[in-house]
Amino acid sequence: MLSRKALSISPSPTLAIDALAKKLKAEGVDVIGFGAGEPDFDTPVHIREAAVRALEEGYTRYTPASGLPELQQAICKKLLADNGLTYTPAQIVVSNGAKHSLTNVFAALLNPGDEVIIPAPFWVSYPEIVRLNDGVPVIVETSRQSRFKVTVDQLAAALTPRTRAIIINSPSNPTGQIYTRDELAAIAGFAVANGLYVISDEIYEKLIYGSEEHVSIAALGREIYHLTVVVNGVSKTYAMTGWRIGYTASSPEIARVMGNVQSHATSNPNAMAQKAAVAALEGPQDCVEAMKKAFAIRRDYMVEQINAIPGLSCVEPAGAFYVFMDVSGTFGRHYRGRLIGSSDEFAALFLENEKVAVVPGTGFGAPDYVRLSYALSLPQIEKGLSRLKNFAGEIR
Ligand SMILES: *Cc1c(COP(=O)(O)O)cnc(C)c1O
């Protein structure tokens with residue numbers, strides 16, 4: 001008998017779809033994969049060169065468990081410059097990707113049965129990471145009317161004596177929506193009044209396409225600063241998903257506990273990847289602008305095309321690199337005689353017949369939707385959306 005807890009964890013549906021699309025591609029099938037959860041760009045050259053230099057300079061050994069002091073410093077500098085947040089290196093824990101950072105956060109914060117409020121749609125890993133650390137995910141549904149953002153009234157309705165923390169992800173994966181300063185201030189007030197931690201996943205902060213600004217909730221006052229754990233990393237901003245560098249900024253006490261946990265679980269994150277992350281944070285930022293520009297063009301194209309297809313629609317994503325498409329208009333109808341009853345079936349039929357991979361919303365707590373990434377080239381996107389039009393055109 002294996003661990004009941006481990007057995008209850010479902011595999012990441014986004015990684016599964018992506019793996020399936022890649023497998024079909026390897027078999028020679030002309031698949032368009034909208035499943036990707038990572039930038040399609042190569043890591044910028046100056047960052048790769050920094051890693052090569054690090055290798056040559058002998059960064060091939062253990063580093064301190066919570067990260068190289070040099071990287072912790074660079075992160076402190078970034079948080080001050082970009083987010084108006086003051087931290088000392090002792091408050092920074094560098095981990096093997098932001099996903100690992102989140103694992104450390106809940107290992108440090110939760111006792112068995114503690115509840116964590118997760119607004120839906122949510123990033124697929126949040127509930128599973130909470131459960132892996134003996135917590136209880138409490139899902140709070142948001143609506144398209146509120147642009148998928150949770151309100152204080154909804155949080156209040158979910159509050160129990162066991163509530164420990166709230167997860168806020170802005171810009172959001174999968175919806176691309178961004179919380180305003182006022183919305184965050186209201187949530188901060190609620191968290192402070194109830195002594196709740198806020199886990200603020202800010203991994204997409206640099207990928208914002210309109211006039212919205214990214215605000216870190218930790219910057220909205222002394223009290224919320226102490227209750228917030230900021231989670232961020234280099235994966236999405238610098239096209240560095242494979243390097244596995246993420247980090248947290250928190251109170252010194254939480255940082256110390258997370259560092260202790262990490263020191264036994266994985267020791268330090270990869271040494272040369274840490275040096276590359278220093279180069280990413282301290283080097284020229286025009287590479288980010290270039291990637292952002294490409295994402296913006298793709299986003300505009302996708303939103304316009306999708307909203308022109310009868311039965312399908314989406315809210316314009318303000319950030320990240322996903323379009324969250326409402327497919328509920330197809331439910332109860334048929335594609336070539338086969339009933340579409342759910343977004344899972346929509347996605348399966350679309351892949352089977354048109355060879356296009358999208359991620360069903362079920363794993364994001366939003367069964368009326370599917371997620372399409374725009375981290376693929378514009379010609380690929382054009383081809384994929386023309387197949388989408390064909391597919392939708394045959395639904396009766
Ligand atoms: C990609 C992603 C992460 C994790 O990124 P890492 O590659 O582990 O650094 C965390 N949160 C969200 C919302 C993401 O989309």
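Indexing begins at 1, ligand by ligand and atom by atom, following the structure's order. Throughout, residue positions are numbered sequentially from 1 according to the sequence presented.
Looking at Arg387, its side chain never comes within 3.5 Å of a backbone N or O of Val356 through a donor-acceptor pair. Not one N or O on the side chain of Asn194 forms a donor-acceptor pair closer than 3.5 Å with the backbone of Leu196.
Annotation: cation-pi geometry satisfied between Arg222 and Tyr225 (NZ/CZ under 6.0 angstrom from ring centroid, within 45° of ring axis).
Distances from atom 14 (C) of ligand 1 to the heavy atoms of Lys99, Glu38, His100, Lys236 put Lys236 nearest.
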Worked check of side chain to side chain donor-acceptor pair (under 3.5 Å) between Asn83 and Lys78: CA-CA 8 Å; Asn83 311 109; Lys78 175 256 174 275; 2.8 Å; yes

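Those atoms of ligand 1 that come under 4.0 Å of a heavy atom in Gly97, given as number and element, are 8 (O), 9 (O). Numbered from 1 in the order shown, with element, the atoms of ligand 1 that lie under 4.0 Å from a heavy atom of Asp201 read 10 (C), 11 (N), 12 (C), 13 (C). Ligand-side atoms of ligand 1 in range of Tyr126: 13 (C), range being under 4.0 angstrom from any heavy atom. Near Ala98, meaning under 4.0 Å from one of its heavy atoms, ligand 1 places the atoms 4 (C), 5 (O), 6 (P), 8 (O), 9 (O).
Of the polar atoms of Ser235, at least one N or O is found under 3.5 Å from an N or O of ligand 1, judged by distance alone. The shortest N or O to N or O distance between Thr241 and ligand 1 is not under 3.5 Å.
Classification of the Phe346-Phe350 ring pair by plane angle, with boundaries at 30° and 60°, yields tilted.
Partners of Gln285 under the side-chain hydrogen bond (donor to acceptor under 3.5 Å, both in side chains) rule, at least two apart in sequence or in another chain, are Tyr238.
With respect to the salt-bridge test (charged N to carboxylate O, under 4.0 angstrom), the residues Glu70 and Lys275 qualify.
Residue contacts with ligand 1, taken as heavy atom pairs separated by less than 4.0 Å, do not involve Val234 at all.
Regarding atom 8 (O) of ligand 1, its nearest protein heavy-atom neighbour is Arg244 NH2, 2.8 Å. Scanning the protein heavy atoms around atom 15 (O) of ligand 1, the nearest turns out to be Tyr204 OH, 2.6 Å.
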